Number of protein chains: 4
Amino acid sequence: MSDQMELWLQEQLKFYDEDEKKTEKQLRILSAAIEVFAEKGYAASSTSEIAQKAAVAEGTIFRHYKTKKELLLSIVAPMMTKLLAPFVLRDFTKVLDADYASYEQFLRAVIVNRIEFVKKHLPVVKILLQEIPFHPELKEQFLDAVAGQVLGRLTPIIEKFQANGQIVPIPSKTALRLTGSAILGFLAMRYMLLPHLEWEDEQEIEHTIQFILYGLSTSERPG
Amino acid sequence: MSDQMELWLQEQLKFYDEDEKKTEKQLRILSAAIEVFAEKGYAASSTSEIAQKAAVAEGTIFRHYKTKKELLLSIVAPMMTKLLAPFVLRDFTKVLDADYASYEQFLRAVIVNRIEFVKKHLPVVKILLQEIPFHPELKEQFLDAVAGQVLGRLTPIIEKFQANGQIVPIPSKTALRLTGSAILGFLAMRYMLLPHLEWEDEQEIEHTIQFILYGLSTSERPG
Amino acid sequence: MSDQMELWLQEQLKFYDEDEKKTEKQLRILSAAIEVFAEKGYAASSTSEIAQKAAVAEGTIFRHYKTKKELLLSIVAPMMTKLLAPFVLRDFTKVLDADYASYEQFLRAVIVNRIEFVKKHLPVVKILLQEIPFHPELKEQFLDAVAGQVLGRLTPIIEKFQANGQIVPIPSKTALRLTGSAILGFLAMRYMLLPHLEWEDEQEIEHTIQFILYGLSTSERPG
Amino acid sequence: MSDQMELWLQEQLKFYDEDEKKTEKQLRILSAAIEVFAEKGYAASSTSEIAQKAAVAEGTIFRHYKTKKELLLSIVAPMMTKLLAPFVLRDFTKVLDADYASYEQFLRAVIVNRIEFVKKHLPVVKILLQEIPFHPELKEQFLDAVAGQVLGRLTPIIEKFQANGQIVPIPSKTALRLTGSAILGFLAMRYMLLPHLEWEDEQEIEHTIQFILYGLSTSERPG
DNA sequence: CATGAATGAGCCTTCATTCAT
DNA sequence: AATGAATGAAGGCTCATTCAT
């Protein structure tokens, strides 16, 4: 099963690596910008600090990105796609339909994969989450992507498991919200709020998965 | 039971209202600042816009708050106390210990109350959440308050319910994280990300509570 | 006759002096801006130089004028009104109709008065002329003012003198163009191109007036 | 008579075409620079816009012209020569002396020819007029050329016609100023200020010539 | 107390110019 | 010869903060 996950990943990567080739300087700028934006937030970051950290003249930034905002978007927008990419793949539904016998298998596959992804791209995800409240276009893009693609793919899956009695018959959006909250909550605490603590990652993830599964399960409920 | 909740609230209010008396101008400044900070974020807000919205001269703000940052803190710091207040009350444990026979009762009482509170103070909560990543002191204050007080109060309660078999024997911090995620996740979607949608609040809250309860319940677990 | 001219001037001044009261700093800024704009042109002038010359912080300029362009316009726009003011006065036509028996008397009165005015406000007039080509709004404003007001007033006068045979029957616009060219040409050479030369002002003005008069006269023309 | 004019033109062209051979790219740069300078003025034009409009790399401009200013001068300086060329031709005086019986013939020949020339090179003339106030060297070059050459040639001609009674005995410089103003005034209005209006060119030019002739004529003057 | 004019550091951005390719 | 990425000085403008009134 995880083989197939690997396949997805492979496909995903095709999306990202085909970005136009960046010069080394451009990469340094992006990297510095990610660092600074993540730490101070977009509004409190100065292009001069970014330039300095990238060991580049300030003007060089503006040769590659017309405005500071464009720099932000060039960092954050692709992340949106990438973050949601697996749910957008065309035959995602088919694959799952065929293969995943239980919600647990499905959940486990997706969650582990996405957590891994976020871990890898943490600073950019941080920026994305931190800036969404201040940039209506970002928020809109994000909601559009989620509403237009993710919901479309996941709803039938949820409903299938509701139909065969594995998941409680609550609105699928609610089920997704609860699932997402648990995952994002873990990531936020683990990597943003308390990254310095020692974490038993595997255990925490396992507990989180169990929490979701039981939280949505139809196992007899105490009256 | 909610009578007792009311008592808490009463006690809470004592904390806030006894703040030094604010002039009307000062209140207008606070209100304007909350509005602007919530919408644009601290860094992108200008004191002049706040002054304008408060119908006050620019200098007046600095008569009451030495710096822009102090203005932020004067808004956000009390909120931290208030937000966590019920968990900090001295005889919270005793009260609960005596009264709450089930985790559900406890959960329901706390959640409903806190959601109500957040709803009422939404803009300030927004600011708090949005600014925590950018202000180490804020983050520290927040964690200190949570770690030093909330955990201290809630851990015994969780453990009591674990001891009597109502909650799965996972680390209490994990249980709290999962509970908190579900609640914050609801609030974030309901009031920050998708406030314009029509929400069936009661249902959603009920589903959320059930989700937490089942997620942490010890009802026989598959495999 | 020149008494009446004086009256006009009086009326004109009412227009300008009633401008909102300017602080001393604001006057210094205006004066410095006029100096710098006139010398280097708007585009090549820097607000920092203006600030320095006005002995004012750069920010102070922007407290009084939102943008550099607004500063330019606040200098140039009133000048447009002032420059054309006498031709815009309501009973200009009536007055003349009654009083001026010859085109010469009319010409002499207007020219002398306007030359005096330009001499007094030379730098601003310089700026106006220099910037009109680069600012479509300025050009438009100028043409509107001329077309809408000046032409309206002067055309009947020209036509009256054409009717009684003092001026050749060419299109009134042409007559005005030729008259204006001679005057502006004098001013441009006298004050902008060759201000350092020694000029016999009275003689030159006299020659210019004669040139216009004879240029437009109906004295027998060689076949 | 216009045959002789043609001869002058022929001679003029020798001056210009013998310029060092320009590559096609260089011509594109010049053409683009003329376009941009004329529209926005030198100071507000950017070399990058010129490069873009010339479909040339930014660096290419600086390979041919050491600085932006040199580019300006390379456009404007030759124009100065060309504009005044006919008056600078060596045997100009002799030719005229022999041929032109009346000031009118002379005027007509020169004016028509120069207007034609300006019409053809309008953008460069615009640049010249617009930039002279801001570049002392330009102003100086211009005045030197006029004073040193044009005045030298034209003064004797004016004086000859004054001696034989065709022109009023005013200072020759004044006569030239008045003549020039009328011509430049026409050109400025026709091609710079109101180019979009419909103009009866022939009539206007004829009126302008008549205006100059009568303005300077010695026909009996009203006491 | 309140005001708002004044400040000047700092921000984002533009631009003429250079230089390695 | 031509390119265009890189530069860094300079520009217009904003803003938190101060202070005389």
Side-chain angles (χ1 to χ4, degrees), chain A residues 23-26 28-29 42-52 54-71, chain B residues 23-26 29 42-52 54-72, chain C residues 23-26 28-29 42-52 54-71, chain D residues 23-26 29 42-52 54-72:
Chain A
T23 71
E24 193 232 333
K25 247 164 232 223
Q26 199 163 351
R28 286 215 309 274
I29 291 171
Y42 171 77
S45 302
S46 82
T47 51
S48 88
E49 182 181 356
I50 293 170
Q52 200 173 349
V56 150
E58 205 170 345
T60 306
I61 293 179
F62 291 92
R63 168 163 295 278
H64 293 290
Y65 305 93
K66 267 198 290 291
T67 63
K68 185 187 167 194
K69 182 133 196 188
E70 195 182 296
L71 174 57
Chain B
T23 69
E24 196 231 331
K25 254 168 223 227
Q26 201 163 348
I29 291 172
Y42 171 77
S45 301
S46 80
T47 50
S48 86
E49 183 181 354
I50 294 169
Q52 197 175 351
V56 151
E58 286 204 56
T60 306
I61 292 179
F62 291 91
R63 174 157 301 282
H64 294 288
Y65 306 91
K66 265 202 292 293
T67 64
K68 184 186 168 193
K69 184 135 196 187
E70 198 183 293
L71 175 57
L72 171 67
Chain C
T23 71
E24 192 232 332
K25 246 162 232 223
Q26 200 163 349
R28 287 217 308 273
I29 290 171
Y42 171 77
S45 302
S46 81
T47 51
S48 89
E49 182 181 355
I50 293 170
Q52 201 172 349
V56 149
E58 204 170 345
T60 306
I61 293 179
F62 291 93
R63 168 164 296 279
H64 293 289
Y65 305 92
K66 270 199 288 292
T67 63
K68 185 187 167 193
K69 181 135 197 188
E70 196 183 295
L71 175 56
Chain D
T23 69
E24 194 231 333
K25 253 168 225 227
Q26 201 162 350
I29 290 171
Y42 171 77
S45 301
S46 79
T47 51
S48 86
E49 184 181 354
I50 294 170
Q52 197 175 351
V56 152
E58 286 204 54
T60 307
I61 291 179
F62 291 90
R63 175 156 302 281
H64 294 287
Y65 306 91
K66 264 203 293 294
T67 64
K68 185 186 167 193
K69 183 132 196 189
E70 197 182 294
L71 174 57
L72 171 68

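The model shown is predicted, which means the values in this text are computed figures rather than measured ones. Here is the naming used below: chain letters follow the sequence lines, and residue numbers restart at 1 for every chain. Below, all heavy atoms of this structure are taken into account, side chains as well, without hydrogens, waters or symmetry copies.
Phosphate proximity of E:dT14 to D:Ser46: absent, as no side-chain N or O sits under 4.0 Å from OP1 or OP2. For F:dA16, the OP1/OP2 oxygens have a side-chain nitrogen or oxygen of B:Thr47 closer than 4.0 Å.
The distance between atom CD1 of A:Ile61 and atom C1' of E:dT14, rounded to the nearest whole Å, is 14 Å. Rounded to a whole Å, the CD atom of C:Gln52 is 13 Å from the P atom of F:dG12. What separates CD of B:Gln26 from C1' of E:dT3 is a distance of 16 Å, to the nearest Å. Counting to the nearest Å, the P atom of E:dT13 and the NZ atom of C:Lys68 are 19 Å from each other. Between D:Leu71 atom CG and E:dC15 atom P there is a gap of 15 Å when expressed in whole angstrom units. Between A:Phe62 atom CZ and F:dT7 atom P the separation is 14 Å, expressed in whole Å. Here E:dC1 presents its P atom at 13 Å from OH of B:Tyr65, a figure rounded to the nearest Å. Spacing between atom CD of C:Glu49 and atom P of F:dG11 amounts to 9 Å, rounded to whole angstrom units.
With both pairing distances under 3.5 Å, F:dC15 is matched to E:dG8 as a Watson-Crick or G-U wobble pair. When both distances must be under 3.5 Å, the Watson-Crick or G-U wobble mate of F:dA20 is E:dT3.
With a 6.0 Å radius and a threshold of 12 heavy atoms from other residues, nucleotides or ligands, A:Glu70 has its CD atom above the threshold.
Taking each heavy atom of B:Ile50 and B:Ile61 in turn, the nearest pair found is CG2-CD1, 3.9 Å. Nearest heavy-atom pair across C:Ile29 and C:Leu71 is CG2-CD1, 4.3 Å. The heavy-atom pair separating D:Lys68 from D:Tyr42 by the smallest distance is NZ-O, 3.0 Å.
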Could you walk me through whether C:Glu58 and C:Thr47 pass side-chain hydrogen bond (donor to acceptor under 3.5 Å, both in side chains), step by step?
CA-CA 7 Å; C:Glu58 204 170 345; C:Thr47 51; 2.7 Å; yes

List every contact pair, protein side and nucleotides 2-5 of chain F side both N or O, where the distance is under 3.5 Å.
unit_1: F:dA2; atom_1: OP2; unit_2: D:His64; atom_2: NE2; d: 3.1
unit_1: F:dA2; atom_1: O3'; unit_2: D:Lys25; atom_2: NZ; d: 3.2
unit_1: F:dA2; atom_1: N7; unit_2: D:Arg63; atom_2: NE; d: 3.1
unit_1: F:dA2; atom_1: N7; unit_2: D:Arg63; atom_2: NH2; d: 3.3
unit_1: F:dT3; atom_1: OP1; unit_2: D:Lys25; atom_2: NZ; d: 2.9
unit_1: F:dT3; atom_1: OP2; unit_2: D:Ala57; atom_2: N; d: 3.4
unit_1: F:dT3; atom_1: OP2; unit_2: D:Thr60; atom_2: OG1; d: 2.4
unit_1: F:dG4; atom_1: N7; unit_2: D:Gly59; atom_2: N; d: 3.1
unit_1: F:dA5; atom_1: OP2; unit_2: A:Arg63; atom_2: NH1; d: 3.4

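Mapping A:Thr67 and D:Ser45 onto DNA chain E via the closest heavy atom, the residue that lands nearer the 5' end is A:Thr67.
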